[in-house]
Amino acid sequence: MAVTPEIVHGDEWLDRIARFRVEVWTLSDMIAPDAFPDGRCLEAVDRDATQIVVADEGRLLGATRYAQFPDLDSTHLGTYYREAGIDLEGPIGVPERMVVHPDVARQGVAWTLAAAIQKQALSQ
């Protein structure tokens with residue numbers, strides 16, 4: 001499957017991605033159907049992160065986010081990293097929340113998103 005990643009912005013996209021995450025996790029039996037009562041997984045870091053999607057004729061097939069921070073302690077996971085004994089110099093890139101719709105699993109969507117994350121990280 002030939003797909004092209006796209007960087008997206010704005011509240012509409014954040015809402016679509018937040019709903020898409022829950023949809024994929026539910027379809028994949030990764031969460032209980034009532035785990036997100038409003039049907040969305042939207043986190044504070046989403047507003048500052050780069051959102052990358054793969055879509056086909058408007059239908060989301062995959063999504064991920066990439067956030068970059070000047071140092072480990074300024075990341076939203078800084079405490080977790082420190083408690084795990086991780087000590088890195090900045091900048092720190094955090095790729096997270098990659099989801100691919102089960103209908104297109106194993107068709108290259110995740111690899112496309114991973115390559116887009118790498119490109120974004122190198123450009124920042």
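Note that the structure is predicted; figures quoted are calculated from it, not measured.
Side-chain atoms of Gln51 and Leu14, non-hydrogen and from C-beta on, do get closer than 4.5 Å to each other. Side chains of Ser28 and Pro102 form a contact here, defined as non-hydrogen atoms less than 4.5 Å apart.
Residue pairs meeting the ring-ring contact (aromatic ring centres under 6.0 Å, His included) criterion with at least one partner in residues 28-66, sequence neighbours excluded, are Trp25-Phe36. Sequence neighbours left out, not one pair with a member in residues 111-124 passes side chain to side chain donor-acceptor pair (under 3.5 Å).
The side chain to side chain donor-acceptor pair (under 3.5 Å) search around Arg47 returns Asp11, not counting sequence neighbours. Contacts of Arg97 classified as salt bridge (charged side-chain N to carboxylate O under 4.0 Å, His left out), with partners at least two apart in sequence or in another chain: Glu43. Residues that satisfy the salt bridge (charged side-chain N to carboxylate O under 4.0 Å, His left out) test with Arg82, not counting sequence neighbours, are Asp73, Asp87. Remark: Asp34 engages no residue in a salt bridge (charged side-chain N to carboxylate O under 4.0 Å, His left out) (not counting sequence neighbours).
The pair Arg40-Asp46 does not count as a salt bridge, with every side-chain nitrogen at least 4.0 angstrom from each carboxylate oxygen.
No hydrogens or angles considered: a donor-acceptor pair under 3.5 Å links the side chains of His76 and Glu96.
Residues Leu61 and Val3 approach most closely at CD1-CG1, 4.1 Å, considering heavy atoms. Ile7 approaches Ile52 most closely through the heavy-atom pair CG1-CG1, 4.2 Å. Residues Val54 and Pro5 approach most closely at CG2-CA, 4.0 Å, considering heavy atoms. Across Arg19 and Asp38, no two heavy atoms sit closer than the pair NH1-O, 3.4 Å. When all heavy atoms are compared, the tightest approach of Ile31 to Thr26 is CD1-OG1, 3.6 Å.
Remark: side-chain polar atoms of Asp71 are paired, donor with acceptor, to backbone N or O of Ser74 under 3.5 angstrom. Judged purely by atom type and a 3.5 angstrom limit, Thr75 uses its side chain to pair as donor or acceptor with the backbone of Leu77.
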